[in-house]
Amino acid sequence: MGKDYYKILGIQKGTAEDEIKKAYRKLALKYHPDKNKSPDAEERFKEIAEAYDVLSDPKKREIYDQFGEEGLKGGGGGGPNGTNFQYTFHGDPHAVFAEFFGGRNPFDIFFGQRNGDEEMEIDEDPLSSFSGFGMHGMPGMPSMGGMPGFQRARTAAKKQDPPVTHELKVSLEEIFTGCTKKMKIRRKRLNPDRQTMRQEDTILTIDIKKGWKEGTKITFPKQGDETANNIPADIIFVLKDKPHPVFKRSGSDIIYVAKITLREALCGCTLSIPTLDKKTHTMVLKDVIQPGSQRRISGGGIPLPKQPDHRGDLVIEFQVHFPESLSNATREKMKELLPL
């Protein structure tokens, strides 16, 4: 029988996210081994951290609710889109605690002067008892919520803003050779006082490798706007092919549409095929060409992303132009010459 994370936190299945946070805050403060010297405090503190780590994450929680601890940790539960998901707790409850309280130890605010060996019983969230203090609770003193550091201690860890995505349009020639793009962005940054903000311009350098596919993502972590209450968003650039006047792209192949007449399709012809590297390939056609049929020139395409020394193909797709009308004499000759 696996662990019951809901029971460990003293909550019911289906409990809202805010209530999960409240339950973790209360129990983590109660069983923190720096303040609780009972023999099982360390183990309880670890169990509480693991339960919160799972139930505060929607994906982990969904799999746990369906498959229990065994499915979550054994990989038996399927992740989103059918992918396999396997969870292992990193084993450091103090890291969970520090992240939750924004990297601060909330005990320091009120108990920093206490002897570290002195025991203290915590039946409730010790910070909650101060929430009512203010001008009416202690004459001449401001609300405890206004004390430096107090509010950060009471709040959960900062959350990162959603990623900011931009299209980065590149030509087929740039993909063929590789290139460097420099993107100027303007963002908000905190001043040293950690309260006021300034506008800041920065240049992001993107090295585009040969053969990168459309849809390739280039991520710059935490380069978005910064405030006192957030973790800056990641900036993501997504490659987008610019329309090309001559070629179309299909993976690492490029397609060239060759327009020929009906006579050329039937009787043969010689074509000059352009290439991305500014060369010309001569193609001699002797067979009958069907509309929409293709020929390939091996190695005439774009470098392969993982093997840039190898290239895809140049695909020639034939578009046959039919005459809009025929004279009676031509029609009769065609009847004589063409098989049924």
Side-chain angles (χ1 to χ4, degrees), residues 57 59-60 63 73-88 90 160-185 187 202-224 231-258 271-283 292-319:
D57 184 290
K59 181 168 69 173
K60 297 174 191 172
I63 294 172
K73 294 183 176 180
N81 301 320
T83 57
N84 198 44
F85 181 91
Q86 187 168 356
Y87 166 74
T88 302
H90 52 68
Q160 186 174 17
D161 288 345
V164 178
T165 302
H166 300 281
E167 273 191 357
L168 179 59
K169 293 187 177 181
V170 291
S171 68
L172 292 184
E173 286 82 3
E174 288 172 327
I175 292 296
F176 183 77
T177 60
C179 66
T180 298
K181 296 277 190 180
K182 293 185 180 293
M183 310 299 293
K184 181 179 180 180
I185 63 170
R187 60 189 181 175
T202 189
I203 302 295
L204 302 178
T205 301
I206 304 172
D207 291 320
I208 297 173
K209 306 299 183 185
K210 292 180 180 181
W212 271 5
K213 294 182 178 180
E214 186 175 48
T216 298
K217 295 181 179 180
I218 306 98
T219 301
F220 292 87
K222 301 179 182 178
Q223 292 296 312
I231 298 173
D234 294 343
I235 303 294
I236 301 176
F237 291 94
V238 181
L239 248 60
K240 179 75 173 178
D241 290 341
K242 290 180 181 178
H244 197 279
V246 178
F247 302 106
K248 293 187 297 183
R249 184 182 185 184
S250 177
S252 294
D253 296 336
I254 56 173
I255 300 172
Y256 172 73
V257 177
L271 300 178
S272 294
I273 308 297
T275 64
L276 267 179
D277 51 0
K278 309 301 182 183
K279 298 178 181 178
T280 301
H281 182 88
T282 300
M283 176 174 286
S293 62
Q294 295 178 341
R295 299 283 178 89
R296 287 179 174 266
I297 299 175
S298 180
I302 292 173
L304 306 182
K306 296 182 179 179
Q307 295 178 290
D309 293 335
H310 296 75
R311 291 165 56 181
D313 295 341
L314 172 56
V315 180
I316 295 87
E317 185 176 286
F318 294 101
Q319 186 179 97

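The first residue of the sequence shown is numbered 1, and numbering continues consecutively from there. The figures here come from the full heavy-atom set of this structure, side chains too, leaving out hydrogens, waters and symmetry mates.
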Name all residues meeting the salt bridge (charged side-chain N to carboxylate O under 4.0 Å, His left out) criterion together with Asp207; count only those two or more places apart in sequence or in a different chain, and write none if there are none. none
Ile316 and Gln294: side-chain contact (heavy atoms from CB on, under 4.5 Å), yes or no, with the steps? CA-CA 5 Å; Ile316 295 87; Gln294 295 178 341; over 6 Å; no
Looking at every heavy atom in both Asp234 and Pro221, which two are closest together, and how far apart are they? OD1-CA, 3.2 Å
Strictly by salt bridge (Lys or Arg N to Asp or Glu O under 4.0 Å), give each pair with a member in residues 168-177 just once, sequence neighbours left out. Glu174-Lys181
Kindly give the heavy-atom pair with the smallest separation between Lys210 and Gly178, and that separation in Å. CG-N, 3.9 Å
Which of Ile203, Ile235, Ile206, Ile218 passes side-chain contact (heavy atoms from CB on, under 4.5 Å) with Met183? Answer is Ile206
The reported gap from CZ in Arg311 to CG in Asp309 (rounded to nearest 0.5 angstrom) is 11.5 Å
At their closest point, which heavy atom of Ala233 faces which heavy atom of Pro162, and how far apart are they? CB-O, 3.1 Å
Side-chain (Ser250) to main-chain (Ile254) donor-acceptor, under 3.5 angstrom: no
Is there side-chain contact between Leu239 and Val170, with heavy atoms separated by less than 4.5 Å? yes
OH/Tyr256 to NE2/His281 distance, rounded to the nearest 0.5 angstrom? 12.5 Å
Does a donor on one side chain and an acceptor on the other come within less than 3.5 Å for Lys242 and Ser171? no
Straight-line distance of Lys279 NZ to Ser272 OG, nearest 0.5 Å: 15.5 Å
Side chain proximity check, Leu172 to Arg249, heavy atoms < 4.5 angstrom: yes
Are the side chain of Glu317 and the backbone of Ser293 linked by a donor-acceptor contact shorter than 3.5 Å? no
Closest non-hydrogen atoms of Ala258 and Leu271, given as atom of the first, atom of the second and distance, are CB-CD1, 4.1 Å
Asp277 CG to Thr280 OG1 distance, which is reported to the nearest 0.5 Å: 9.5 Å
Measure across Val246 and Pro274 and return the closest heavy-atom pair with its distance rounded to 0.1 Å. CG1-CG, 4.1 Å
Check the pair Asp161 / Ile231 against side-chain contact (heavy atoms from CB on, under 4.5 Å), numbers first and verdict last. CA-CA 6 Å; Asp161 288 345; Ile231 298 173; over 6 Å; no
Taking atom NE2 of His244 as the centre, report whether more than 12 heavy atoms of other residues, nucleotides or ligands fall under 6.0 Å from it. yes
Please check if the side chain of Glu214 supplies one atom and the backbone of Asp241 the other of a donor-acceptor pair under 3.5 Å. yes
Are Asp253 and Arg296 within salt-bridge range, i.e. N to O under 4.0 Å? yes
Taking the side chain from Asp57 and the backbone from Lys59, do they hold a donor-acceptor pair closer than 3.5 Å? yes
Is there a side-chain contact between Pro232 and Gln223 (heavy atoms, below 4.5 Å)? no
Which distance, rounded to the nearest 0.5 Å, do you find between the CG of Leu304 and the NZ of Lys306? 11.0 Å
Closest approach of Gly211 and Pro305, non-hydrogen atoms and distance? O-CG, 3.1 Å
Considering only heavy atoms from C-beta outward, does the side chain of Thr216 approach that of Lys209 to under 4.5 Å? no
Do Phe247 and Leu276 have side-chain heavy atoms sitting under 4.5 Å apart? yes
Say you draw a straight line from OG1 of Thr202 to CZ of Phe220; how long is it, rounded to the nearest 0.5 Å? 9.5 Å
State whether the side chain of Arg295 and the backbone N or O of Ile297 hold a donor-acceptor pair below 3.5 Å, judged by distance alone. no
Is the closest side-chain heavy-atom distance between Ile236 and Val164 below 4.5 Å? no
Residue pair Val238 / Leu168, side-chain heavy-atom distance below 4.5 Å: no
